[in-house]
J.: 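Here it is, the structure, as structure tokens.
Convention: sequence-line order gives letters A, B, ...; per-chain numbering from 1.
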Amino acid sequence: MSTSPHVPDSPALEGLEAKFTARWEGEGTYRFDRTRPRDAVYAIDTPPPTVSGSLHVGHVFSYTHTDLVARFQRMRGREVFYPMGWDDNGLPTERRVQNYFGVRCDPSLPYDPAFQPPDTPGKQPIAVSRPNFIELCVRLTVEDEKVFEHLWKHLGLSIDWSMTYATIAKPSQRVSQLAFLRLLARGEAYQLEAPTLWDIDFKTAVAQAELEDREMPGAYHRLAFRKASGEGVVEIDTTRPELLAACVALVAHPDDARYQPLFGTAVHTPLFKAQVPIVAHPLADPEKGSGIAMICTFGDITDVTWWRELKLPVRAVIQANGTLGPVTWGSAGWESADAVAAQAAYDPLVGLSAKKAQAKVVELLTASGDLLAPPRPITHHVKFYEKGDRPLEIVTSRQWFFRTIAHREGLLARGRELQWHPEYMRARYENWVNGLNGDWCVSRQRFFGVPFPVWYGVRADGAIDYERRMVPAESQLPIDPSTDVPAGFTEAQRGQPGGFVGDPDIMDTWATSSVSPQIVCGWDQDLDLMARTFPMDLRPQAHDIIRTWLFSTVLRAHLEHDSLPWRHAGISGWVLDPDRKKMSKSKGNVVTPMGLLQEYGSDGVRYWAARGGPGVDTAFDVGQMKIGRRLAMKLLNASKFVLGREAESGAITAPVDLALLSALADLVDEATSALEAYEYTRALDRTEAFFWSFCDDYLELVKSRRYGDHGPEAAASANAAMRLTLSVLVRLFAPYLPFVTDEVWSWWQSGSVHRAPWPTAAEVRAAAPVAGDAMALAVAIEVTTALRRAKSEAKVGMKAGIARAVVRDTAERLAAFEQVRSDVCAAGNVRELVTEAGDRLAVEVVFEPVAGATA
RNA sequence: GCGCGCUUGGCUCAGCGGUAGAGCACCGCCUUCACACGGCGGGGGUCCUAGGUUCGAAUCCUAGAGCGCGCACCA
């Protein structure tokens with residue numbers, strides 16, 4: 001193992017990234033050995049970064065956390081399965097490809113194998129088929145991926161780069177479609193025409209997980225509904241008068257004495273004179289507004305609940321583009337006591353957006369006298385698509401769903417089974433699962449993504465027959481139903497009566513991301529790999545996507561494998577800017593990761609990241625990076641000192657050396673158990689504190705002895721102890737500072753430190769014949785510090801000679817001191833040292849005359 | 001509204017039942033012999049508040065405040 005050291009004259013950090021990146025790649029240091037059995041493997045489900053974005057310090061932060069664990073596990077002897085993925089699926093890539101190549105996707109077009117985009121995008125976008133569009137995406141993202149890979153390598157991520165995947169590539173599409181077909185066969189996936197949350201700008205359904213609430217101004221409008229039988233009105237408050245035409249009932253709480261007499265009676269809507277019943281439902285809040293509300297199809301998800309549970313009819317007015325659609329009053333479903341007046345009131349609203357329609361309706365209600373008071377402004381929370389600009393509407397459409405509600409208890413149990421780091425992040429998952437209010441809508445009316453592998457028959461009259469559903473054989477996957485043809489049909493029959501059409505939708509990106517373990521582990525494809533890697537060990541990710549990525553991945557494994565997808569979830573926090581706000585690109589904060597890595601060194605930046613504990617939001621702080629860089633520098637210099645002399649071999653016998661090794665053994669135990677518990681910050685903290693004391697106290701105490709001032713045996717003891725300690729410390733630091741540690745390791749050891757065995761306390765104790773006396777080392781350090789203080793107060797250099805020192809302390813501590821007396825005197829340059837009994841440590845000194853002072 | 005986290009020196013944080021800690025910043029001192037990309041020494045804190053448990057509380061319990069976050073907030 002140990003060879004004669006080759007220590008550079010002036011060690012430097014510069015250039016270590018390039019040197020070791022190349023060496024690790026050449027030697028295959030991080031290559032996954034797939035012959036190892038499952039319990040010798042540590043499998044990590046790495047988050048695939050979105051390639052159409054750019055990497056920022058937040059990525060550097062959380063990916064470093066993962067790498068710390070990977071490196072620790074590898075040194076512990078586990079074969080680390082650590083592939084990297086690229087997320088090129090979804091809207092951001094869709095937009096980027098459109099602009100870059102000057103194309104737009106038209107799923108109705110056939111695939112053109114010869115298509116090439118123009119060199120420069122034209123003014124008019126060229127329409128291309130979905131498969132052509134996806135080809136362009138893959139082509140563009142390959143370039144992005146190179147940049148990302150270079151940064152990750154420079155940061156020192158110990159990834160096996162021979163195993164990368166892309167979420168839009170064929171293998172991922174295959175897994176995604178296969179998993180869908182399996183769910184479909186078992187009834188866990190189903191299609192339904194139902195009211196769904198809908199973004200009117202993107203013109204697609206969205207899922208609960210993609211919603212966010214925003215505070216918006218609104219206003220209560222008090223409207224008068226005339227009772228159908230006789231005189232009197234019912235007053236209701238609404239924030240959405242523009243939906244009056246869609247009103248199908250009024251609702252109050254069943255216990256509300258004010259409205260109990262009205263249950264079962266009916267009223268007429270203002271303007272449209274539609275007769276609607278007054279019904280009771282416990283969701284109605286007597287405290288809100290007038291205590292009785294109008295139910296519209298559909299103003300919000302409560303309306304959907306009321307509509308479903310009270311079995312009310314549908315009168316939909318909001319269209320997919322967010323405008324009000326045409327209605328024929330008096331026709332079936334649109335009955336009115338005065339159809340002519342209703343039509344006259346409604347017609348001006350057709351084609352208006354909700355906002356414009358509201359102003360018009362208010363105008364009409366004011367004129368008719370049904371608006372009982374001026375609108376009362378309020379602010380309230382409105383649901384938005386997280387990427388959207390206008391409030392979501394609820395539009396009835398045909399969508400695919402995965403069952404979640406039926407599995408709520410099972411999913412909660414999975415959450416308890418999963419080991420969370422930190423533990424308290426489980427609460428977020430439970431909040432989310434308990435708050436689920438519907439099955440997961442997984443279809444999107446977009447172009448770029450994984451298509452549903454489904455075709456439908458076309459009836460003789462040209463209508464799509466959704467009951468006649470056709471799916472491909474599993475062996476055919478992946479397919480694109482917009483260009484592939486179901487068995488027994490020809491392309492000529494596409495869209496023809498008696499023929500077929502493909503399902504036009506694509507899957508939610510989370511529907512593909514949620515099978516990342518199945519993609520990387522070779523589910524249904526590479527059964528050997530699957531058996532060695534699944535269920536995986538660790539899912540690392542940030543806390544903001546617990547409800548999306550983490551939740552959906554747990555769901556998919558629960559449904560497909562009846563297991564967790566991984567045993568541990570390591571949750572990273574966010575990087576906050578110095579003002580404690582979430583760091584974001586829009587802030588104009590142009591700190592590029594590569595710039596930081598170059599300025600502070602990858603080890604320095606990693607040090608900063610490692611100081612951010614699991615789940616903890618952490619301030620962006622170049623000060624910490626500087627400290628990390630200084631630590632790396634110190635490691636170089638301390639190693640140079642320790643290895644700088646030919647070591648006399650010999651037993652470790654000196655009390656100071658034995659005490660050091662005892663403390664070192666304890667450190668190894670503490671760091672190891674901390675890392676096993678994913679407490680990488682604590683392990684670093686302890687190792688770092690030990691290392692600085694090793695440098696500042698221990699090395700100073702033994703410096704003279706190791707130079708041979710007290711004989712060869714004393715020197716051999718010091719040399720052996722400091723070399724063993726250095727070997728252990730370098731290995732303890734290796735996950736954090738992979739570059740400088742491998743550099744130092746290469747001076748005297750063969751092979752990479754990253755494949756070296758993780759140190760053990762047993763290894764350290766085996767080198768020391770007897771246990772060290774911790775008090776001896778402690779007293780040595782305290783006396784040395786007191787001598788330094790005396791020199792500092794006397795404003796003399798640390799090398800100044802002390803003619804005579806008196807050390808006073810308790811008998812027990814003085815006895816311990818005798819073991820370390822010679823080392824302390826050497827370190828303090830003390831000529832004569834006497835001890836006296838006392839009740840606590842006190843040191844007095846007399847300095848030697850300074851040579852030049854009297855001349 | 002429900003839940004989670006945080007609150008310790010100027011700053012960033014560790015400690016989580018036994019005499020208040022680190023780094024940075026600050027002040028002073030020290031350069032041939034591992035390191036000035038440095039070293040040594042020093043000053044600085046009623047550990048958010050109020051109760052309680054305990055021989056003993058920064059640490060455990062209860063209540064509250066402030067900050068941050070998650071979920072739900074629907075007429």
Side-chain angles (χ1 to χ4, degrees), chain A residues 7 10-14 213 215 218 220-223 236-241 243 250-252 283-285 287-296 299-306 378 380-383 422-437 543-544 546-547 573-574 576 578 580-582 600-601 604 608 611-613 615-619 621 623-624 626-627 629-645 681-682 685-686 688-689 692 695-696 699-700 703 707 784-800:
Chain A
V7 182
S10 37
L13 298 174
E14 283 68 30
D213 282 356
E215 203 164 80
Y220 275 132
H221 300 72
R222 178 149 293 207
L223 308 188
I236 65 108
D237 280 316
T238 179
T239 56
R240 299 203 63 185
L243 295 179
L250 300 188
V251 65
L283 238 47
D285 181 354
E287 304 295 314
K288 247 211 139 128
S290 61
I292 184 164
M294 70 171 186
I295 302 175
C296 302
D300 58 48
I301 53 174
T302 315
D303 279 343
V304 177
T305 306
W306 280 327
I378 55 161
H380 60 160
H381 290 263
V382 179
K383 289 187 191 314
E423 186 75 32
Y424 61 74
M425 285 295 174
R426 178 184 287 114
R428 300 215 183 176
Y429 173 86
E430 290 182 343
N431 273 347
W432 177 251
V433 175
N434 283 321
L436 287 172
N437 56 26
H543 55 55
D544 55 331
I546 288 173
R547 69 174 185 177
W574 277 344
L576 307 177
R580 305 258 81 195
K581 305 249 171 54
K582 189 191 171 190
Y600 303 102
W608 159 73
R611 298 271 309 207
V616 181
D617 292 345
T618 300
D621 185 357
Q624 292 294 321
K626 287 179 188 164
I627 294 164
R629 189 184 152 80
R630 203 176 63 172
L631 174 64
M633 198 68 209
K634 189 80 173 174
L635 198 52
L636 282 182
N637 286 313
S639 300
K640 181 184 169 193
F641 173 71
V642 169
L643 301 172
R645 292 266 174 128
T681 301
R682 175 196 292 263
D685 195 59
R686 300 306 144 88
E688 188 185 4
W692 282 103
C695 291
D696 295 343
L699 290 182
E700 294 302 326
K703 195 173 259 181
Y707 282 135
T784 302
T785 299
L787 295 172
R788 284 170 176 164
R789 186 183 305 121
K791 291 179 184 180
S792 187
E793 280 164 4
K795 298 189 193 298
V796 298
M798 286 301 134
K799 295 203 165 67

J.: With rounding to whole Å, what would you report as the distance between B:rG21 and B:rA58 at their P atoms?
T.: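 13 Å, rounded to whole Å.
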J.: In whole Å, measure the gap between the C1' atoms of B:rG52 and B:rG17 for me.
T.: 15 Å
J.: Within the 4.0 Å heavy-atom criterion, would you say A:Gly797 contacts the bases, only the backbone, or no part of the nucleic acid?
T.: sugar-phosphate
J.: Only pairs with both distances under 3.5 Å count, Watson-Crick or wobble alike; so what is the partner of B:rG56 in this structure?
T.: none
J.: Would you measure the distance from the P atom in B:rG39 across to the matching atom in B:rG56 and give it in whole Å?
T.: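 The same atom, P, in both gives a distance of 44 Å.
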J.: Please state the P separation for the pair B:rG43 and B:rA57 - nearest whole angstrom.
T.: 26 Å
J.: On a whole-Å scale, what distance lies between the P atoms belonging to B:rA22 and B:rA14?
T.: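 Each nucleotide's P atom is 16 Å from the other's.
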J.: In whole angstrom, give me the gap between the P atoms of B:rG28 and B:rU46.
T.: 25 Å
J.: Looking at every strand, decide which applies to A:Thr305 at a 4.0 Å heavy-atom threshold: base, sugar-phosphate, or nothing.
T.: nothing
J.: Taking any strand in view, what nucleotide pairs with B:rU32 in a Watson-Crick or G-U wobble way, both distances under 3.5 Å?
T.: none
J.: May I ask you to say whether A:Glu688 pairs ionically with A:Arg682, meaning some side-chain N is under 4.0 Å from a carboxylate O?
T.: no
J.: Using the P atom in both, what is the distance from B:rC37 to B:rU32, to the nearest Å?
T.: 16 Å
J.: Report yes if a side-chain nitrogen or oxygen of A:Arg682 is closer than 4.0 Å to either non-bridging phosphate oxygen (OP1 or OP2) of B:rA14; otherwise report no.
T.: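 The answer is no; no side-chain N or O of A:Arg682 sits under 4.0 Å from OP1 or OP2.
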J.: Can you check whether A:Leu635's main-chain N or O pairs, donor with acceptor, with A:Ser639's side chain at less than 3.5 Å?
T.: yes
J.: Just call it for A:Ala12: base, sugar-phosphate, or nothing, with non-hydrogen atoms closer than 4.0 Å on any strand.
T.: nothing
J.: Check for me whether A:Lys288 meets the cation-pi criterion with A:Tyr220, that is, NZ or CZ under 6.0 Å from the six-membered ring centre and within 45 degrees of the ring axis.
T.: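 No - A:Lys288 does not lie over the ring of A:Tyr220 by the 6.0 Å and 45° rule.
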J.: Using OP1 and OP2 only, check whether a side-chain N or O of A:Lys799 sits under 4.0 Å from B:rC40.
T.: no
J.: State whether the side chain of A:Lys791 and the backbone N or O of A:Val796 hold a donor-acceptor pair below 3.5 Å, judged by distance alone.
T.: no
J.: Could you state the atom-to-atom distance from NZ of A:Lys703 to P of B:rU32 in whole Å?
T.: 13 Å
J.: Which part of the nucleic acid does A:Met294 contact within heavy-atom distance under 4.0 Å: base, sugar-phosphate only, or nothing?
T.: nothing
J.: Parallel, tilted or perpendicular, judged at 30° and 60°: which one describes the rings of A:Phe641 and A:Tyr707?
T.: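 A:Phe641 and A:Tyr707: perpendicular rings.
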J.: According to a strict under-4.0 Å criterion, is A:Lys634 in side-chain N/O contact with OP1 or OP2 of B:rC37?
T.: no
J.: Does any nucleotide pair with B:rG42 by Watson-Crick or G-U wobble geometry, both distances under 3.5 Å, and what is it?
T.: B:rC26
J.: Which part of the nucleic acid, if any, lies within contact of A:His380, taking any heavy atom under 4.0 Å across all strands shown: a base, the sugar-phosphate backbone alone, or nothing?
T.: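 Sugar-phosphate contact only - A:His380 comes under 4.0 Å of backbone atoms but never of a base.
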J.: Who is the Watson-Crick or G-U wobble partner of B:rG64, with both distances under 3.5 Å?
T.: B:rC48
J.: Between A:Asp303 (side chain only) and A:Ile295 (backbone N and O only), is there a donor and an acceptor less than 3.5 Å apart?
T.: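 A pair under 3.5 Å: no.
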J.: Tell me which nucleotide among B:rC71, B:rC74, B:rG42 gets nearest to the side chain of A:Arg789.
T.: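 Closest of the options to the side chain of A:Arg789: B:rG42.
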J.: So A:Val382 and A:Asp213, side-chain contact (heavy atoms from CB on, under 4.5 Å) or not? Walk me through it.
T.: CA-CA 5 Å; A:Val382 179; A:Asp213 282 356; over 6 Å; no
J.: Can you check the distance between B:rA20 and B:rU59, where both ends of the measurement are the C1' atom (answer in whole Å)?
T.: 12 Å
J.: Respond yes when some side-chain nitrogen or oxygen of A:Arg630 is under 4.0 Å from OP1 or OP2 of B:rC24, and no when none is.
T.: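 Checking A:Arg630 against B:rC24: at least one side-chain N or O falls below 4.0 Å of OP1 or OP2.
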J.: Does any nucleotide pair with B:rG21 by Watson-Crick or G-U wobble geometry, both distances under 3.5 Å, and what is it?
T.: B:rC13
J.: Would one find a side-chain N or O of A:Ser792 under 4.0 angstrom from OP1 or OP2 of B:rG42?
T.: no
J.: Could you check whether A:Glu700 gets within reach of a base, just the sugar-phosphate, or nothing at all, counting any heavy atom under 4.0 Å?
T.: base
J.: If B:rG70 has a Watson-Crick or G-U wobble mate with both distances under 3.5 Å, name it; if not, just say none.
T.: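 Here B:rG70 is engaged in a pair, and the nucleotide opposite it is B:rC2.
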J.: Using a heavy-atom cut-off of 4.0 Å across all strands, would you classify A:Cys695 as base, sugar-phosphate, or nothing?
T.: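 Here A:Cys695 touches the bases of the nucleic acid.
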